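Encoded as structure tokens, the structure appears first; notes follow it.
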Amino acid sequence: MEILSAAFDQASSPRRPGYALFGMLLAIAALLTCICELIYKGRKNNVVWRKRGCYMLFGSVIEPFGLVGGITQCVCSIVQYVCYIRRTDNPIKLSLLPAIFLICLIATRLSRKAMQTTDETDWLGDSSFSNIQVTHLSDCSTCLSLPPVGRLPALKELYIERMKSIKSIGVEFYRGNGASLIQPFQSLKKLEFNRCRSWRNGYLVQLCKRIDSREIRDMFGPKKLEKSLLKKKFKLTLLTLDAVLDDAHQKEFEIPSIGNWLDELREAVYDAGVLLDEIEAEALGLKMAAEDQSVVTQVWNFLSVPFSRFDQRLNDRIKELYHRLKFLANEKDILGLQKGVRKVSQMPTTCLVDKSFVVGRDDDKEELIRLLISDAEGRNNVSVITIVGMAGIGKTTLAQLVCNDERVKEHFDIQAWVCVSEDFDAVRVTKTLLESITSTVCDITDLNFVQVQLKHEVRGKRFLFVLDDLWNENYHDWNLQQVPFLYAAGGSKVVITTRSETVASIVRNVPTHYLEPLSDEDCWSLILKHALGDSNPTEHSNIRETDRETAIRKCNGLPLIARALGGLLRATTSGSEEWHHILHTNIWELPSIARILPICLLQQLRQKGRESHQKRRSDRTEVLQLHKPSSHIVLEDLLPALQCLRVLSLSRYKNITQIPDSISKHLHLRYIDFSYTAIKRLPDIVCNLYNLQTLLLLGCSSLVELPTDMRKLINLLHLDIGGTCVKEMPMQMGRLKRLRTLTAFVLGKSIGSVGIGELGQFLHLRGKLSILNLQNVVNPMDASRANLKDKKHLSEVELAWGREDTYDSIKERHVLESLQPSVNLAKLTIRFYGGTRFPDWLGDSSFSNIQVMRLTDCSTCLWLPPVGRLPALKELYIERMKSVMSIGVEFYRGNEASSSQPFQSLKKLEFKEMPEWEEWLSSPGRGQCPDFLRLEELNLEKCPKLRGNLPDHLPCLRKLSVSDCEVLHERATRTRWIPWSLIVNTESLRQSLEELKIVRCPGLSSLLETESLSSLSKLEIQFFSRRECLRLHLSNCLLRLSLVNCGSLLSFPRNGLPTSLTLLEIEECRRLEFLSHEMMAKLTSLQELRLRESCDSLRSFPLGVFPKLSFLIIGGIKNLESLSIGEGAEDENLTHLNNLYIYKCPNLVSFPHGGLPTPNLAHFSVWGNENLKLLPDRIHTLTALRYLHIGELPNVESFAEGGLPPNLESFDIKSSEDVLEALLKEQLLPITLHRLIISKMKSLKYLEGKGLQHLTCLQELRIHDCDSLEFLPKEGLPASLSFLSIKKCSSLEKRCQEKTGEEWVKIAHIPCIQIDDQVII
């Protein structure tokens, strides 16, 4: 193809008139052929031309010629093949073959060039549009696929409307043809599909296309399968059924027999897809086998192959499926199904409302009433007020509330309500308004007449009209509709409810009222109103808290869903298992589309009576995706039961070490994800999965090799082997020409290993590519054959050599020069490069799209490349460049004499582990102009020899982190004192620096002694020894302060800490005097306090002094004796405390008398306090407590006299045998407990059974480090248990061995059991 391509280029060259003339003659011949073809086609394509323009016309002209050329090429190939078989000379002269192929090439190239103009726009969905938050795609009726908007990182709202030709939504919607590793829709919060009616019917059309595929066609030659049956009758029946699907989907909720018909059709179509999978797999298998045989063997097999049993089975299945589909096609007439879409009947809304079922809208109601009865007027005496919100949020209900308010009724002379809906009709809307006003029926359908009548009725009167659910976005239609309104009296109002902000912007003349979702409490109240009717909610205290939380979460703030859910629960007993089942049923696990379109969700809920059909039989399971990596699965037992798998996802299951050979029977598999498992190799038989498109092995650190026959997976699109230990790629990987994603290409050492030139075969690679072990490239010229420069869709490239030192720096430089990537690249990483300098392309300004660059472990490089010339570079990371001693002009612009601004876009700069780096020079000739104009974050770590100063002008710097740079700014410490303003330009930092971290860098301590950093919000200081004086001056805007291992720090500033502080962390500061009571009282914003191994002088800690404290850790305070709570205000201050952790305080004796007044405490942990005698009193009153951890409290005298908190879900008890025995004996563990952990009970011999039997919600029990424990309760363990873990309990482990242990019978019912490292299911 490369030779032919060159020939084409020469043919079009003006320097070769002979070739040019020949090319012109070919073009004329092509056009004549096209004219004949187009005359035959008639007017069929004229519509396409009008819609698509001249480019589509050009494509249509070329397409027939491309077909003629293709047929010619096929004929020539067949003749050649037959001649070879007969061992005769080829009758077609070789001189003619180049001309024939050249014709095909020209036609193909021109056709592709023309068709490129009709594809979707490449920029739409490109991730470089990092600021797009809202996208509307509307009325694109001819588009067949959606753009890859899933790649837009900041997209929050997506609206897709009236895309009439969309029949399927798949990978192109999420990430297009790019890499499959990036999370799609990272920020999406709202997604709305409206009136995309062809979407759900696409599967039948896809089946028809597959029947016409090449693989299916190949099976009807030598195999003698019944071509007419599959290609004609089968396909025609599918198209007949597809024509009535829309009507069937709309009627299935009304007519049960149609729902059953659809279920049967789904089964039959599913079986058809399975059959086509098997035919395609067989065809590809034959093709792969043929490619490995000699030509003579291929011919013999072609002529001698019999009609096998496999062929007979295929024919039988084709006939059986055809009869099933034919029967269903006949039934459609009996059921009255028709072609096209039947108009959906929707219940119209009215102005009446039941106020008792409305909650949470008082503020919205009052705001709208204020607008309605105010004297403010819009254009021409009429104000148009729009209420905008998503479907089901309560727009109509709010309008009804407002209309029925007495104040509104008294204010207006006339009121009327119209339900507009999707079908906007100006005559109908006007007639409805007229009929409401006159209370008479109007039979006139003339728009002029009814508008004149409406004008007379409203003239001089103040009216209120409500147009509910308006969709029409046509400005002209609205102008026409509102003409009669203009004759009304001043102060008239029109209220319009709509989902569309576009509609609101067209009709409104006062600000839009946006309706927000209901609060959690309002949602729950509404659910109870519909579920319980007139009952008092307080009478139903048996409702589980988890059910309440689940119900609220499912509603997502939408009243419509809350009403539907309440209706489902109404027929059941409150708090019963049926409530629990409805709330946790799989019906809620719908795509986000259904959650955002409540109508779709309600339709799903109406199928409650058909739940039995929601669960497919196990042999029809297409997707196996498990999400509990901590559990144990046995693939050998699991796979045989699942015959039709298309998706197998077992990511993060560490117990999976090998893949059974039975996986080869799953010919329908398209997607396999074994990421982060412990597999060591894939069986070669995996390469028989010819339909496989995605294979993810990310993070399989034990995987060392890929199957040798990987070349057979010719349909593979995505292969991810990142984070594996694969040593080399299999041979002939270049045959996987369809690959779109290849995260790593590993070069091997052995003779005959796949070469780097094979990368040139992958023409469609996108996303990220890592080329590893480049030290194994033998000839640097081979690297150029990888052709990275033309891989324009690669966004990220990593080039890595081995960790071992190299002795051929010249060869490595030539290799790197040959691996120049495309200028479209966005991220570049170079690791372990062994050259002394970088090639010229690295840092060239033509790479205008590079945003992130990493240069790591290039230990022999003496200079950095001129990356300052890269105009789009935003992040730069430089690590372990051991030979770099100085950074200067070469870093900013190299040898280029330019006055342009270096690092025009750089926002983050990081240097790490640069052991020889001594000086950082500024760019020469810049004067007062900053070298880093937009730099926001600067990190320096482990640069021990770096002297001098930081860049002196950083106007945008927000984050500065300096760690282990001992001699940086050392002149500030060697002299008595030098003002910071003489060391660094503080003016550039005064208003910009927000976060500062200093670790083992005493030269920067003087920065903390000035008042210059007025905008600083986060400060972290670590490892200042006693000999290094540290004096703090803190900004009044400081929010977070962290002091770690500051031995010289004795006290806080005299004026205390900033009152704005929200987090205070003090660790390993034992000489520091803690805050005085007066200082603490000023910290009214403090929310989080972490106090560890510090403040040895602290004896008592006042819990209630901080009014907003929610998180408190006190650990390792040697002399702390008590926790105190003041009276009055201090008692109230504890209402915000959610998390309390107290550990390893050896002198702590007791908690405050009377218990903890912390009504919202959810997490409480106390352990390792060896002298503690009393735990908090009245702990059972902590109703919000969910997690409790106690342990290693040898001197505790009493605990939980009134019982444990009633809503406790997780209880962890360690080294407290007496406490545990008391809890079990008195049955004090709450029934709400889900998780119980018992550990380090050295003398515990048995568990009291009565203390566990009542725990009907217990799901997880862990017993660890109990050496003396031998017996489980004789009554057995709770039936609700789903997981039991026994570790480091030698006696009990022996007695619980599967089937043979004495205790096995007590635990055999538990689904998952872990005994030490053995997992039993």
Side-chain angles (χ1 to χ4, degrees), residues 1066-1075 1077 1080 1089-1106 1109 1111-1126 1130 1134 1137 1139-1158 1161 1163-1182 1185 1187-1205 1211-1224 1226 1228 1237-1244 1264-1268:
I1066 305 172
E1067 185 174 346
E1068 292 287 345
C1069 299
R1070 295 204 173 272
R1071 302 174 65 199
L1072 179 63
E1073 189 76 23
F1074 195 64
L1075 294 165
H1077 192 280
M1080 287 188 284
L1089 175 60
R1090 301 170 183 265
L1091 190 60
R1092 304 186 186 97
E1093 288 83 33
S1094 300
C1095 305
D1096 287 349
S1097 60
L1098 186 62
R1099 296 289 189 274
S1100 177
F1101 185 86
L1103 283 177
V1105 72
F1106 305 108
L1109 193 67
F1111 189 100
L1112 175 61
I1113 292 181
I1114 299 177
I1117 310 300
K1118 292 196 303 185
N1119 298 313
L1120 183 67
E1121 297 175 355
S1122 64
L1123 302 175
S1124 63
I1125 298 177
E1130 290 195 2
L1134 289 172
L1137 193 62
N1139 298 267
L1140 177 60
Y1141 304 90
I1142 301 174
Y1143 64 93
K1144 290 188 177 181
C1145 296
N1147 291 309
L1148 182 65
V1149 177
S1150 65
F1151 282 86
H1153 181 70
L1156 295 174
T1158 53
L1161 189 66
H1163 295 73
F1164 181 38
S1165 175
V1166 51
W1167 59 275
N1169 304 297
E1170 56 194 46
N1171 288 315
L1172 186 65
K1173 295 182 179 181
L1174 297 174
L1175 285 168
D1177 297 335
R1178 303 173 66 245
I1179 196 172
H1180 64 279
T1181 62
L1182 301 178
L1185 197 64
Y1187 305 94
L1188 176 61
H1189 174 207
I1190 62 172
E1192 300 179 28
L1193 306 173
N1195 293 311
V1196 167
E1197 298 173 353
S1198 65
F1199 173 66
E1201 294 181 354
L1204 290 178
F1211 182 38
D1212 185 348
I1213 182 168
K1214 177 170 37 177
S1215 300
S1216 302
E1217 288 91 338
D1218 295 339
V1219 174
L1220 178 62
E1221 289 176 357
L1223 290 172
L1224 295 178
E1226 300 178 24
L1228 295 179
I1237 301 176
I1238 301 171
S1239 61
K1240 292 189 177 181
M1241 305 290 186
K1242 301 299 182 182
S1243 60
L1244 185 67
H1264 299 166
D1265 290 299
C1266 300
D1267 293 334
S1268 301

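Keep in mind that this is a model prediction, so the values were computed, not measured.
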Exercise. Which residue, Leu1103, Ile1125, Leu1182, forms the side-chain contact (heavy atoms from CB on, under 4.5 Å) with Pro1157?
Worked result: Ile1125
Problem set entry | Step-by-step side chain to side chain contact (heavy atoms under 4.5 Å, CB included) determination, Ile1213 to Ile1237 | CA-CA 6 Å; Ile1213 182 168; Ile1237 301 176; over 6 Å; no
Problem set entry | Side chain proximity check, Arg1092 to Ile1066, heavy atoms < 4.5 angstrom | no
Exercise. Once the angle between the rings of Phe1101 and Phe1074 is folded into 0 to 90°, is it parallel (under 30°), tilted (30 to 60°) or perpendicular (over 60°)?
Worked result: tilted
Exercise. Counting distance only, does the side-chain N/O of Asp1096 pair as donor-acceptor with the main-chain N or O of Ile1117 below 3.5 Å?
Worked result: no
Problem set entry | Any donor-acceptor N or O pair under 3.5 Å, side chains Glu1192, Ser1215 | no
For this session: Kindly give the heavy-atom pair with the smallest separation between Glu1170 and Asn1195, and that separation in Å.
Result: O-ND2, 2.5 Å
Seminar exercise, completed: To the nearest 0.5 Å, atom CG of Leu1137 lies from atom CG of Leu1112 at 6.5 Å
Exercise. Taking the side chain as C-beta and beyond, is there a heavy-atom pair between Phe1151 and Leu1172 under 4.5 Å?
Worked result: yes
Problem set entry | From Asn1171 atom CG to Leu1148 atom CG, the distance as rounded to the nearest 0.5 Å | 9.0 Å
For this session: For residues Leu1098 and Glu1073, determine if any side-chain heavy atom of one lies less than 4.5 Å from a side-chain heavy atom of the other.
Result: no
Exercise. Any sub-3.5 Å donor-acceptor pair from Asn1147's side-chain atoms to Leu1120's backbone N or O?
Worked result: no
Exercise. So do the side chains of Leu1220 and Met1241 get within less than 4.5 Å of each other, counting heavy atoms only?
Worked result: yes
Problem set entry | Euclidean distance, Ser1243 OG relative to Asp1267 CG, rounded to 0.5 Å | 11.0 Å
Exercise. With a 4.5 Å heavy-atom cut-off, do Leu1156 and Thr1181 have their side chains touching?
Worked result: no
Seminar exercise, completed: dist Ile1179:CD1 -> Leu1188:CG (nearest 0.5 Å) comes out at 5.0 Å
Exercise. Is Glu1217 reaching over with its side chain to a backbone N or O of Lys1242, donor-acceptor style, under 3.5 angstrom?
Worked result: yes
Exercise. Under 3.5 Å, side chain of Ser1094 to main-chain N/O of Glu1068, donor-acceptor pair present?
Worked result: yes
Seminar exercise, completed: Residues Leu1161 and His1163: closest non-hydrogen pair is CD1-O, 3.6 Å
Problem set entry | Chi angles and distances behind the side chain to side chain contact (heavy atoms under 4.5 Å, CB included) call for Val1149, Asn1169 | CA-CA 8 Å; Val1149 177; Asn1169 304 297; over 6 Å; no
Problem set entry | Donor-acceptor side-chain pairing of His1189 and Ser1165 below 3.5 angstrom | yes
Exercise. Do Pro1102 and Met1080 come within less than 4.5 Å of each other through their side chains, counting heavy atoms only?
Worked result: yes
Seminar exercise, completed: Minimal heavy-atom distance between Ile1142 and Leu1123, with the atoms involved, is CD1-CD1, 3.2 Å
Exercise. Heavy-atom count around Lys1173 NZ within 6.0 Å, excluding the residue itself: above 12?
Worked result: no
For this session: Decide ring-ring contact (aromatic ring centres under 6.0 Å, His included) for Tyr1187 and Phe1211; before the verdict, give the C-alpha distance in whole Å, the side-chain angles of both, and the deciding distance to 0.1 Å.
Result: CA-CA 6 Å; Tyr1187 305 94; Phe1211 182 38; over 10 Å; no
Problem set entry | Under-4.0 Å salt bridge between Lys1240 and Asp1265 | no
Seminar exercise, completed: In short, Gly1116 meets Cys1145 closest at the heavy-atom pair N-SG, 4.1 Å
Problem set entry | Intermediate values then yes/no, side chain to side chain contact (heavy atoms under 4.5 Å, CB included), Phe1106 and Leu1089 | CA-CA 10 Å; Phe1106 305 108; Leu1089 175 60; 4.0 Å; yes
Exercise. Cationic tip of Lys1144 within the cone over Trp1167's six-membered ring, i.e. under 6.0 Å and within 45° of the normal?
Worked result: no
Exercise. Once you round to the nearest 0.5 Å, how far does CZ of Arg1099 lie from OG of Ser1124?
Worked result: 14.5 Å
Exercise. Which pair of non-hydrogen atoms, one from Leu1185 and one from Pro1205, has the smallest distance, and what is that distance?
Worked result: CD2-CG, 3.5 Å
For this session: Report the C-alpha separation of Leu1244 and Glu1221 in whole Å, then their side-chain angles, then the decisive distance to 0.1 Å, and conclude whether the side chain to side chain contact (heavy atoms under 4.5 Å, CB included) test is met.
Result: CA-CA 9 Å; Leu1244 185 67; Glu1221 289 176 357; 3.9 Å; yes
Exercise. Which atoms form the tightest heavy-atom contact between Asp1212 and Ser1239, and what is the distance?
Worked result: OD1-OG, 4.3 Å
Exercise. Is there a donor-acceptor pair closer than 3.5 Å between any side-chain N or O of Ser1216 and the backbone N or O of Lys1214?
Worked result: yes
For this session: Tell me, yes or no, whether the heavy-atom count around Arg1178 atom CZ, taken from other residues, nucleotides or ligands under 6.0 Å, exceeds 12.
Result: no
